Amino acid sequence: MTTATATRAEHCVIACAEAWRDNGEVLASPMGLVPSFGARLAKRTFSPDLLLTDGEAMLVGLDGTVEGWLPYRRHLTMVTGGRRHVMMGASQIDRFGNQNISCIGDWEQPSRQLLGVRGAPVNTLNNPVSYWVPRHSTRVFVARVDMVSGVGHDRAEAAGVTRFHRLPRVVSDLGVFDFTGPGHSMRLTSLHPGVTVEQVRAATGFELAVAEEVPYTREPTAEELRLIREVIDPRGLRDREVRV
């Protein structure tokens, strides 16, 4: 049985997996290595009803066996019906959860072109959306995003489109966050072991809501560590995405 101390990357996998706890039979759409490992861990342990895909057009089992066809039209139906929980990345994210993956700088002449808006607006207005940020810094956690791709709480409320809007959590390499702060602002809910509140505040470009006592992200069980190290990610790719 695996008993070695969990790494920062493994705590991140656990934190991402917890995003899908009690979700039931929904499509897990993780973007990035660590969220993908988290979704697979969740399905193998506490969320067995999760649906996983091959990233293209098939529903797959834990061993990669094809279990069903998932054409684009069916995928869109699941999105608009709320039967999907995506964990997206964020080039920028602000205190209310507005996310930018489109461009850095002024829209008229950006200094950097990124992915584009993609499906972020529809995702955030129709199904739960969490975020994964492998490098927590003031360049990502900003006071104001340069362009809104994913819709945050303040803009959803202003537009009157909050019925299906839900941002369960943000996971970074420093900790875990939700939006239970004042006015649905971002709030620190747990620190990864070895990280301090001061570190998180210094790496965040806005005033972050913080409780008087912030717990550490939960430790993986021995069985979860075994699954991560021996079954889900035996090549150790998680450590390439989270480097301490």
Side-chain angles (χ1 to χ4, degrees), residues 1-55 59-67 84-89 128-136 168-178 180 187-200 203 210-211 213-244:
M1 184 173 292
T2 304
T3 58
T5 302
T7 65
R8 177 79 61 81
E10 287 160 350
H11 279 98
C12 289
V13 172
I14 288 294
C16 288
E18 287 288 346
W20 285 284
R21 184 180 285 275
D22 300 325
N23 275 198
E25 193 177 40
V26 303
L27 180 65
S29 294
M31 299 181 184
L33 286 174
V34 167
S36 295
F37 299 151
R40 289 161 60 187
L41 180 66
K43 183 172 176 64
R44 286 182 178 275
T45 53
F46 50 75
S47 293
D49 293 330
L50 275 183
L51 301 176
L52 303 178
T53 76
D54 63 356
L59 291 171
V60 297
L62 288 170
D63 60 357
T65 302
V66 174
E67 295 184 340
R84 178 180 185 241
H85 184 168
V86 58
M87 180 169 278
M88 299 181 69
V129 175
S130 294
Y131 292 107
W132 160 242
V133 179
R135 299 285 186 276
H136 191 128
R169 66 170 45 194
V170 177
V171 180
S172 81
D173 61 331
L174 298 183
V176 183
F177 311 80
D178 64 16
T180 60
R187 177 176 178 270
L188 176 64
T189 62
S190 76
L191 295 163
H192 301 323
V195 179
T196 66
V197 171
E198 290 71 26
Q199 279 180 274
V200 176
V210 179
E213 293 187 13
V214 181
Y216 284 118
T217 304
R218 79 166 177 87
E219 293 286 336
T221 65
E223 176 60 11
E224 287 171 333
L225 270 184
R226 186 192 70 80
L227 287 170
I228 293 170
R229 295 175 180 181
E230 299 178 13
V231 179
I232 296 172
D233 182 29
R235 295 170 60 193
L237 298 179
R238 59 194 178 277
D239 294 318
R240 296 183 185 180
E241 199 161 71
V242 180
R243 298 175 182 176
V244 181

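Everything numeric here is computed off the predicted structure, so don't read it as measured data. Heavy atoms only: backbone and side chains are in, while hydrogens, waters and symmetry mates are out.
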For V34, run the side chain to side chain contact (heavy atoms under 4.5 Å, CB included) check against M87, E10, E241 and tell me which one passes.
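Per the side chain to side chain contact (heavy atoms under 4.5 Å, CB included) rule, the option paired with V34 is E241, out of M87, E10, E241.
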Do V176 and H192 pass the side-chain contact (heavy atoms from CB on, under 4.5 Å) test, and can you show the C-alpha distance, the side-chain angles, and the key distance before you say yes or no?
CA-CA 8 Å; V176 183; H192 301 323; 4.0 Å; yes
Look up atom [atom1] in [X] and atom [atom2] in [Y], then write down how far apart they are to the nearest 0.5 Å.
X: S130; Y: E18; atom1: OG; atom2: CD; value: 11.5 Å
X: R187; Y: R169; atom1: CZ; atom2: CZ; value: 12.5 Å
X: I232; Y: L62; atom1: CD1; atom2: CG; value: 8.5 Å
X: R40; Y: T45; atom1: CZ; atom2: OG1; value: 12.5 Å

Spell out, as yes or no, whether a donor-acceptor pair under 3.5 Å connects the side chain of [X] to the backbone of [Y].
X: R238; Y: V13; value: no
X: S36; Y: G32; value: yes
X: R218; Y: I14; value: no
X: S172; Y: V133; value: no
X: R243; Y: R240; value: yes
X: W20; Y: H85; value: yes

Search all heavy atoms of C12 against all heavy atoms of D173 and return the closest pair with its distance.
SG-CA, 3.9 Å
Looking at D178 and P168, what are the two nearest heavy atoms and their distance?
CB-O, 3.7 Å
